[in-house]
Amino acid sequence: MRIAAARITLDFFNNTDVAEKRRKLSALCEEVRKQFNVSALEVDELEHPEKCVIGFAAVIPDHWRDASIQRFSKTICEYIDTHAFARVTSEESDITAI
């Protein structure tokens with residue numbers, strides 16, 4: 001089994017309301033969970049109103065090839081980029097064998 005994980009940082013420019021950021025992040029993470037059957041949530045910068053950090057992780061079966069796993073992870077990142085309420089500023093991803 002393998003684990004695909006990513007950390008995506010978003011810039012919510014000129015936001016001053018942490019509660020609004022959390023509502024929007026919660027909705028986005030829920031969409032990602034439903035669409036891709038992965039775990040997704042806010043992982044850092046919880047109290048910063050302009051910065052959002054989303055993490056997602058997926059358990060991948062052994063029969064998937066590396067290219068398929070990378071494509072799956074990239075698809076999720078692109079989905080977040082196109083559906084996010086804020087601008088994506090960085091993406092970091094990794095695949096770990098267990």
Within a strict 4.5 Å, meaning less than it, do heavy atoms of the Cys52 and Lys21 side chains meet?
yes
Applying ring-ring contact (aromatic ring centres under 6.0 Å, His included), can you list everything that pairs with Tyr79, at least two apart in sequence or on another chain?
Phe36, His83
Which donor-acceptor pairs under 3.5 Å do the side chains of residues 88-98 make with protein atoms, sequence neighbours left out?
| residue | atom | partner | partner atom | Å |
| --- | --- | --- | --- | --- |
| Thr89 | OG1 | Thr9 | O | 3.2 |
| Ser90 | OG | Thr9 | OG1 | 3.3 |

Go through the structure and list residues passing side chain to side chain donor-acceptor pair (under 3.5 Å) with Gln70, not counting sequence neighbours.
none
Heavy-atom side-chain contact between Glu42 and Ile54 under 4.5 Å:
no
So CD1 of Ile8 and CD1 of Ile80: to nearest 0.5 Å the spacing works out to 3.5 Å
Residue pairs passing the side-chain hydrogen bond (donor to acceptor under 3.5 Å, both in side chains) test with at least one member in residues 56-67, sequence neighbours excluded, are Arg2-Asp66
So, using side chain to side chain donor-acceptor pair (under 3.5 Å) as the criterion, who are the partners of Lys51 when residues are at least two apart?
none
Reported NE2-to-CZ distance for the pair His48 and Phe12, which is rounded to 0.5 angstrom:
12.5 Å
Output, in order, the C-alpha distance, side-chain angles, deciding distance and verdict of side-chain contact (heavy atoms from CB on, under 4.5 Å) for Val38 and Ile76.
CA-CA 9 Å; Val38 297; Ile76 297 170; 3.9 Å; yes
Among all residues two or more places apart in sequence or in another chain, which pass the side chain to side chain donor-acceptor pair (under 3.5 Å) test with Arg23?
none
Using the salt bridge (Lys or Arg N to Asp or Glu O under 4.0 Å) criterion, which residues pair with Asp11? Sequence neighbours excluded.
Arg87
Ala86 and Leu10: which non-hydrogen atoms are nearest, and at how many Å?
O-CD2, 3.5 Å
Heavy-atom donor-acceptor pair, Thr82 side chain to Glu78 backbone, under 3.5 Å
yes
Salt bridge (Lys or Arg N to Asp or Glu O under 4.0 Å) partners of Asp17, counting only residues at least two apart:
none
List for me each residue that meets side chain to side chain donor-acceptor pair (under 3.5 Å) alongside Gln35, sequence neighbours excluded, and say none if there are none.
none
Could you state the interatomic distance from NZ (Lys74) to CG (Asp81), rounded to the nearest 0.5 Å?
11.5 Å
Heavy-atom closest pair, residues Ala40 and Cys29:
O-CB, 3.6 Å
By salt bridge (Lys or Arg N to Asp or Glu O under 4.0 Å) - contacts of Glu50 (at least two apart)
none
Test question: given the 4.5 Å side-chain rule for I, L, V, M, F, W and Y, name all other residues clustered with Val53, or answer none.
Leu41, Val43
Looking at residues at least two apart in the chain, or sitting in another chain, which of them share a salt bridge (Lys or Arg N to Asp or Glu O under 4.0 Å) with Arg33?
Glu30
Here the pair of heavy atoms bringing Leu28 nearest to Phe85 is CD2-CE2, 4.4 Å
